[in-house]
J.: 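Mind looking over this structure? Questions follow.
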Amino acid sequence: MSILIDKNTRLLVQGITGNEGLFHTKNMIAFGTNLVAGVTPGKGGEWVLEGKVPVFDSVKIAVNATGANTSVIFVPARFAADAIFEAADADIHLIVCITEGIPVQDMMRVRNYLDQKNIRLVGPNCPGLLTPVESKVGIIPGDITIPGTIGVVSRSGTLTYEVLYALMLNGMGVSTCVGIGGDPINGTSFIDCLRMFEEDPNTEKVVLIGEIGGTDEENAAAFIDRYMHKPVIGFIAGQTAPPGKRMGHAGAIVEGGSGLAVDKIQALENAGVKIASHPEEIPELLG
Amino acid sequence: MSILIDKNTRLLVQGITGNEGLFHTKNMIAFGTNLVAGVTPGKGGEWVLEGKVPVFDSVKIAVNATGANTSVIFVPARFAADAIFEAADADIHLIVCITEGIPVQDMMRVRNYLDQKNIRLVGPNCPGLLTPVESKVGIIPGDITIPGTIGVVSRSGTLTYEVLYALMLNGMGVSTCVGIGGDPINGTSFIDCLRMFEEDPNTEKVVLIGEIGGTDEENAAAFIDRYMHKPVIGFIAGQTAPPGKRMGHAGAIVEGGSGLAVDKIQALENAGVKIASHPEEIPELLG
Amino acid sequence: MKLHEYQSKQFFARYGIPIPRGRVAATASEAKHIAEELAGRVVIKAQVLVGGRGKAGGILLAKSPEEAEELATQILAMKIKGLPVRKVLVDEAANIETEIYLGITNDRTARKPVMMASSAGGVDIEEVARESPEKIARMHIDPLLGLRDYQARDIATSIDLPRDHWKVFGQIAKGLWKAYQGSDATLAEINPLVITADNKLLAVDGKMVLDDNALFRHPDLEEMRDLDIEAPSEIEARKYGLSFIKLDGDIGCMVNGAGLAMTTMDIIKLFGGEPANFLDIGGGASSEKVAAALRIILNDPNVKALLFNIFGGITRGDEVARGILAALEVIQTDVPMIIRLVGTNAEEGMQILADAEMITAETLADAAKKSVAAAGA
Amino acid sequence: MKLHEYQSKQFFARYGIPIPRGRVAATASEAKHIAEELAGRVVIKAQVLVGGRGKAGGILLAKSPEEAEELATQILAMKIKGLPVRKVLVDEAANIETEIYLGITNDRTARKPVMMASSAGGVDIEEVARESPEKIARMHIDPLLGLRDYQARDIATSIDLPRDHWKVFGQIAKGLWKAYQGSDATLAEINPLVITADNKLLAVDGKMVLDDNALFRHPDLEEMRDLDIEAPSEIEARKYGLSFIKLDGDIGCMVNGAGLAMTTMDIIKLFGGEPANFLDIGGGASSEKVAAALRIILNDPNVKALLFNIFGGITRGDEVARGILAALEVIQTDVPMIIRLVGTNAEEGMQILADAEMITAETLADAAKKSVAAAGA
């Protein structure tokens with residue numbers, strides 16, 4: 001019923017004792033995620049949430065003790081690249097980085113390092129993933145989805161919630177929702193997710209939510225045109241964004257005439273993707 | 001009849017216009033090596049050896065123009081790591097580095113980079129390879145071998161010639177001779193060569209010439225014990241070398257009680273390798 | 001964050017890149033002194049963070065210190081694309097034979113830095129990229145290894161640089177890489193890198209853009225920030241950690257989340273309105289932050305309606321509502337307000353705002369329509 | 001190339017590693033002045049490039065400047081393992097609570113640098129490694145990425161370092177990595193890194209070994225070379241680019257190639273002799289080099305026979321022969337010489353030497369036997 005995360009996900013939280021980490025740990029457990037461990041250097045041996053979750057000094061120790069196979073990162077931006085390296089070196093195979101504001105050269109080093117290994121990073125600067133009923137890794141609200149067969153992939157946070165909410169209001173369920181994040185250099189692309197959704201027997205249709213900046217949507221269009229059999233519905237944010245300005249997300253910027261919403265929409269439409277003019281139109285196009 | 005190099009080797013010489021490069025280029029051509037190109041930055045467009053070999057400004061250009069698939073490096077030590085990177089990035093799949101004196105931290109970066117790709121480096125600080133009649137890549141004298149079925153692998157230079165010469169005097173022929181070099185960090189290990197000799201249908205016996213320093217011979221012994229079916233004859237140089245001193249080769253040093261000749265001999269003998277007490281005894285043991 | 005030409009070139013010089021002799025001046029008499037020191041023809045260059053200075057008359061050649069003073073006076077009185085010229089760079093004039101472009105930026109798609117060079121330097125490189133991309137040589141740099149010597153030579157070959165310049169060009173390319181990496185730049189470029197009449201390479205103009213997210217590593221560079229480039233409201237917003245961009249329309253909007261904020265702008269336009277701003281209050285925004293955001297939006301006299309679109313997740317509806325009420329106690333305004341609150345604590349938020357005479361909306365489309373109507377009224 | 005303790009610690013301090021206050025002195029009165037400046041108990045430490053200084057009485061504690069002078073006089077008069085003490089380091093004495101070992105070296109097998117740490121610091125780490133290897137924590141460092149923060153923490157955890165020291169320990173570990181990388185070291189170690197009575201971390205002793213092949217990048221470090229550590233003949237040999245190591249036997253040998261030179265030593269021993277040296281004249285050696293090598297070998301009064309073993313490849317037999325003749329014109333010697341020339345231009349070489357009254361040999365074994373016989377005669 002899902003891609004990337006499911007009932008077998010054994011989650012570890014890096015930065016679990018921070019405000020954000022603790023808050024979302026509580027929410028993930030409440031959702032039903034199998035959250036097995038937390039890591040905060042210097043706090044190994046403590047427990048959080050009334051003794052529910054053990055805290056370790058390092059990812060390696062946590063993995064050895066709990067068999068965690070997935071990590072979600074809430075540590076501050078200046079320490080986040082190191083946290084990703086730590087998880088990768090401890091053989092975590094899915095790393096989800098929520099942190100916003102990681103220097104782009106850090107991310108280039110991280111990404112080039114991970115590419116040598118067989119490790120998937122989702123994010124950074126993303127809301128994470130959610131598979132209804134089974135597992136939630138990140139900060140997507142747990143009460144705006146119902147299980148179903150629509151795969152959702154997005155560069156955005158609240159805009160994704162908006163779409164999930166609209167789907168739920170229309171009785172439409174989700175297989176997995178993946179927020180790939182708004183940074184210019186990230187771990188997982190639209191194509192990566194489209195390929196997994198195409199192969200997932202429980203996903204029937206896919207919603208792709210893009211925005212200005214970069215060419216990830218154009219690449220996705222080429223992939224859809226060649227390899228996708230399942231219908232894809234798209235939405236692209238930022239049609240009214242002025243060029244040369246970063247629209248909140250580090251990656252949402254039109255530069256040198258590249259990254260325009262109109263080009264992305266054109267490319268996706270050429271690949272047969274129906275484009276919604278606003279998020280609430282998506283359920284209708286899925287209809 | 002060989003490993004690594006043969007009639008299909010299309011060789012390129014990096015540093016061809018230097019004294020050493022030019023001298024050995026002449027010898028390799030005289031041997032019959034299919035030597036297709038040379039590279040010296042800034043001398044692209046020239047020809048050397050009376051118009052026999054074209055010189056290019058970069059490996060990439062040379063590969064595009066001539067289809068070279070192997071490179072031999074004669075550039076000075078301070079530029080040699082860059083030369084290896086250049087060859088690797090131009091998709092040369094066998095790089096043979098003759099240069100001695102490359103900083104060890106350069107070699108660690110090189111080796112860790114090459115490990116991400118599927119590129120074999122032989123050396124540095126090595127005499128290169130020779131497959132009788134077919135191809136010679138490096139500086140091993142061409143007149144001290146005859147074709148045959150003995151594979152030779154060595155960390156040394158002239159000591160290897162000594163062994164080749166002794167084999168020839170006894171009418172024993174060689175499949176391929178590989179000098180893996182005397183540096184502490186190199187591209188190809190004894191095990192790599194043993195594996196190839198074991199798989200080479202034209203190699204029947206193997207001569208392994210080791211020396212003090214490191215644990216490559218001990219690792220080879222473990223490999224021989226487990227995986228080799230062909231007989232291996234060994235010789236280890238440096239039994240009389242004092243500890244803590246580098247015996248010419250950067251890698252030939254006994255440190256902290258590790259790297260002793262006696263331990264290597266013991267390990268190899270335990271793996272069934274016959275050890276010669278001096279090089280001229282090797283033909284007898286091959287008997 | 002952009003650095004001025006003179007800042008970029010000084011930074012380049014630290015890494016061994018040859019730059020013209022020269023200094024920056026804030027007054028015309030300073031410019032004259034510098035010209036006297038340099039003794040010879042000088043170029044007076046407006047230091048503003050926009051392109052097209054040359055065409056706007058912001059780069060002029062002076063043959064004497066007196067002329068330098070005169071031209072500096074003239075340039076220091078200019079505004080270029082709306083930005084006041086506060087400083088001029090006075091550089092020794094170079095005898096230029098050839099103009100080369102050399103730059104490093106991030107290639108998002110390759111996820112690596114890329115070095116670009118062109119023998120067609122001195123002009124807008126984006127224009128060259130669009131119209132004759134074959135004139136630009138590109139070389140990806142492994143971020144773990146850095147620029148290698150052979151790559152610099154390959155670049156030199158690609159742009160047909162004469163061989164006698166390869167060595168110095170290699171040093172410049174390596175210097176530029178170190179400047180780029182050492183400052184966490186997203187762009188470091190020399191344009192033009194010139195070959196002078198006496199056959200030397202010289203970085204005549206330079207530009208650096210730094211990664212705002214990495215400035216914590218470079219407090220010395222952060223201090224170089226020029227606030228002129230930003231609208232005062234944008235500077236104010238940054239103080240509060242708000243992501244704000246001023247636009248030309250009349251419907252203000254306050255949204256949580258960048259993607260949703262863009263979408264809110266788009267839907268306003270879709271239903272016939274014009275957004276007055278982009279504003280993302282971020283996740284889990286406090287009521288103080290909300291109040292600051294409200295003040296900043298309402299400071300814009302063009303704003304005729306204000307749309308709140310909050311999808312509660314980490315951000316709580318009641319907290320946002322309290323922020324709005326707090327701000328409205330201080331700010332007197334007649335601007336009609338449209339509010340849409342969904343998600344975490346949305347109901348509590350709506351109750352808090354029950355007495356505030358706001359127009360409520362259920363859906364985003366509904367909210368946009370009502371905003372357009374309110375602004376047009 | 002090894003650095004002295006005081007040089008290593010000064011280098012460490014550049015990278016932010018805390019070291020005791022102190023300075024190096026070449027005379028006892030200098031040592032007294034330094035002790036006066038430091039005001040308090042000081043440690044006087046012999047600066048010699050061998051281990052076991054402490055046991056040899058080369059590290060002493062002084063309670064007053066007068067005592068410092070006295071002890072410095074004493075230490076400066078010492079020889080430790082044959083090496084004269086030319087300098088002493090005068091350091092503020094630390095109140096040591098705990099001694100830690102922290103070092104970085106190259107792991108040949110893993111082809112990566114490895115950081116090692118142990119809570120059993122202060123003693124010979126090789127001994128700890130042999131006898132209780134479980135007491136040493138090891139962490140490989142990716143040479144393309146460098147030491148990462150989490151790795152320093154993992155090391156701290158492994159040696160049970162109290163948490164309040166993790167932050168400073170991390171800075172020290174990173175500093176040590178930068179010192180190691182920045183100097184092309186093959187070993188950089190702090191032993192002991194101590195926790196003082198007032199709960200601070202302090203690098204009380206330090207050691208660096210540099211990669212001779214990388215010294216071209218570090219001319220400043222090359223200047224620190226201490227020639228005392230080498231036999232004069234080894235220094236002379238380096239000048240000529242010869243690889244020479246003095247040994248205690250009586251059969252000198254001159255060989256081309258390091259592996260063959262070792263083999264020649266081994267075979268001398270095998271047939272009952274003792275080699276007087278290791279000497280590799282290198283590939284393609286000129287006659288000047290050969291002559292220098294001959295002088296160096298014959299300078300050793302122990303040498304009773306001299307074996308030339310040359311396998312011509314790049315090295316040409318005739319060139320070697322000419323070098324030998326040239327040297328013998330200058331040097332008067334009665335030492336019997338055994339020569340074996342094989343390979344490139346061997347015949348020409350043997351002809352050149354025909355009149356030189358040398359013992360010739362065909363095989364290596366034959367050459368070794370003849371040498372042993374000649375030395376015993």
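Throughout, a chain's letter reflects where its sequence line sits, starting with A, and its residues are numbered from 1.
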J.: Looking at A:Ser277, A:Ala250, A:Ser154, A:Ala77, which has the largest count of heavy-atom pairs under 4.5 Å with chain C?
T.: A:Ser277
J.: Is a salt bridge present between C:Asp212 and C:Arg225, judged by a nitrogen-to-oxygen distance below 4.0 Å?
T.: yes
J.: Between A:Pro127, A:Gly251, A:Gly182, A:Gly244, which residue shows the highest count of heavy-atom pairs closer than 4.5 Å to chain C?
T.: A:Gly251
J.: In terms of heavy-atom pairs under 4.5 Å, which option from A:Ile140, A:Asp143, A:Leu159 contacts chain C the most?
T.: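 Most heavy-atom pairs under 4.5 Å with chain C: A:Leu159.
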J.: Is there a donor-acceptor pair under 3.5 Å between the side chain of C:Asp280 and the backbone N or O of C:Gly257?
T.: yes
J.: With the threshold set at 4.0 Å, does a side-chain nitrogen-carboxylate oxygen contact exist between C:Glu362 and C:Arg340?
T.: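 The answer is no: the pair does not qualify as a salt bridge.
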J.: What option among C:Gly312, C:Pro143, C:Ala261 has the most heavy-atom pairs under 4.5 Å with chain A?
T.: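 Heavy-atom pair counts peak at C:Pro143.
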J.: Between chain C and each of A:Met107, A:Met108, A:Gln239, count heavy-atom pairs under 4.5 Å; write down the option with the most.
T.: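 With the most close heavy-atom pairs to chain C, the winner is A:Met108.
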J.: Any idea which of A:Ala237, A:Ala241, A:Ser156, A:Ala261 has the most non-hydrogen atom pairs under 4.5 angstrom with chain C?
T.: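 Most heavy-atom pairs under 4.5 Å with chain C: A:Ala237.
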J.: Within the supplied structure, the quantity of interest is the number of heavy atoms (other residues, nucleotides, ligands) at a distance under 6.0 Å from A:Tyr165 OH; does it exceed 12?
T.: no
J.: Are the charged groups of C:Lys369 and A:Glu280 less than 4.0 angstrom apart, N to O?
T.: no
J.: Could you have a look at C:Ile267, C:Leu215, C:Ile268, C:Asp142 and say which one has the most heavy-atom pairs with chain A under 4.5 angstrom?
T.: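 Highest number of heavy-atom pairs under 4.5 Å: C:Ile267.
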J.: Should A:Arg155 and A:Glu217 count as an ion pair when the cut-off is N to O under 4.0 Å?
T.: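 Looking at A:Glu217 together with A:Arg155, the answer is yes, because their closest N to O distance falls below 4.0 Å.
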J.: Verify the distance criterion only: is there a donor paired with an acceptor across the side chains of C:Lys112 and A:Asn112 at less than 3.5 Å?
T.: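 Note: C:Lys112 and A:Asn112 side chains meet the donor-acceptor criterion.
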J.: Less than 4.0 angstrom from a charged side-chain N to a carboxylate O is my criterion; do C:Arg138 and C:Asp107 meet it?
T.: yes
J.: I'd like to know which of C:Arg111, C:Glu274, C:Arg217, C:Met262 tops the heavy-atom pair count under 4.5 Å against chain A.
T.: C:Arg111
J.: Look at the aromatic rings of A:Tyr113 and A:Phe85 and report parallel, tilted or perpendicular, splitting at 30° and 60°.
T.: perpendicular
J.: Under 4.5 Å, heavy atom to heavy atom: which of residues 208-216 of chain A reach chain C? Give them by number, or say none.
T.: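 Checking residues 208-216 of chain A against chain C gives A:Glu211, A:Ile212, A:Gly213, A:Gly214, A:Thr215.
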J.: Using a cut-off of under 4.5 Å for heavy-atom pairs, which of A:Gly238, A:Ser189, A:Pro141 has the most such pairs with chain C?
T.: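 Heavy-atom pairs under 4.5 Å are most numerous for A:Gly238.
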J.: Taking A:Asp106 first and then A:Arg78, would you say they form a salt bridge - that is, a charged N and a carboxylate O separated by under 4.0 Å?
T.: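 Looking at A:Arg78 together with A:Asp106, the answer is no, because their closest N to O distance does not fall below 4.0 Å.
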J.: Which one wins on heavy-atom pair count under 4.5 Å against chain A: C:Ile245, C:Thr109, C:Ile310?
T.: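 The residue among C:Ile245, C:Thr109, C:Ile310 with the greatest pair count is C:Ile245.
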